Amino acid sequence: MSRDEQLKQRWEEIVTKLSNQFADGDTLDLDAIIYLIGVQELGQLHRRFKKDHKLDLMHIAICKLLEPYGYYEFDFVDEDGWPHYKIKEQLPVLKAGEQSILMKEAIVNYFLETNYIQ
């Protein structure tokens, strides 16, 4: 199986599992999955978040997801329990499709590392 086919298969598995678990079977999109990762990384699972915090949660997720690629580095957790990252290397300029593939690959790797998928 090619790398692209394997990524597609694993991505579909993640979307299906998360959609069934968190969206009553409605299909979650990339942004929704990034948001869920942010909530997971924050560790405040049963809290309701305001709109500006939702963007912060997505930022946490993106930093966490791109940390293994060398773009971000964990810095500290503030007094409210929010993780902070610092930029190690600027992201390259990517087309929208390339950004999507990078994020899907990073999400698949995240869920492989957490044993959510095999």
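If you're wondering where the values come from, they're calculated on a predicted model, not measured in any experiment.
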Check your understanding: At what distance, to the nearest 0.5 angstrom, does CG of L102 lie from CG of L91?
Key -> 7.5 Å

**Study point:** Atom of M103, atom of L66 and distance for their closest heavy-atom approach
**Key:** SD-CD2, 4.1 Å

Study note, to complete from the structure: Applying side-chain contact (heavy atoms from CB on, under 4.5 Å) to N109 and not counting sequence neighbours gives Y69, E105, L112

Review point. When you look at CZ of R3, are more than 12 heavy atoms from neighbouring residues, nucleotides or ligands closer to it than 6.0 Å?
Key: no

Point to revise | Set of residues satisfying ring pair (Phe, Tyr, Trp, His ring centres under 6.0 Å) with respect to Y116, sequence neighbours excluded | key: F111

Check your understanding: With sequence neighbours left out, what residues match Y110 under ring pair (Phe, Tyr, Trp, His ring centres under 6.0 Å)?
Key -> none

Side chains of residues 52-64: which donor-acceptor pairs under 3.5 Å do they make with residues two or more places apart or in other chains?
none

Review point. Closest approach of E67 and F74, non-hydrogen atoms and distance?
Key: OE2-N, 3.1 Å

Exercise for review: Using the side chain to side chain contact (heavy atoms under 4.5 Å, CB included) rule, take E12 and K8 through it: C-alpha gap first, then chi angles, then the decisive distance, then the call.
Suggested key: CA-CA 6 Å; E12 289 173 0; K8 185 177 185 207; 3.2 Å; yes

Practice item. Would you please name every residue forming a ring pair (Phe, Tyr, Trp, His ring centres under 6.0 Å) with F22, sequence neighbours left out? Key: none

Exercise for review: With rounding to the nearest 0.5 Å, note down the distance linking CD in E89 to OH in Y72.
Suggested key: 11.0 Å

Practice item. Show your working on side chain to side chain contact (heavy atoms under 4.5 Å, CB included) between I117 and K17 and close with a plain yes or no. Key: CA-CA 9 Å; I117 62 168; K17 284 182 80 169; 4.3 Å; yes

Below 3.5 Å, can you tabulate the donor-acceptor pairs from side chains in residues 23-40 to any protein atom, sequence neighbours excluded?
from, atom 1, to, atom 2, distance (Å)
D29, OD1, D31, N, 3.3
D29, OD1, A32, N, 2.8

**Study point:** Of L18, I14, V15, the residue whose pairing with I107 passes side-chain contact (heavy atoms from CB on, under 4.5 Å)
**Key:** I14

Review point. Distance-only, no hydrogens or angles: does the D80 side chain make a donor-acceptor pair with backbone N or O of W82 under 3.5 Å?
Key: no

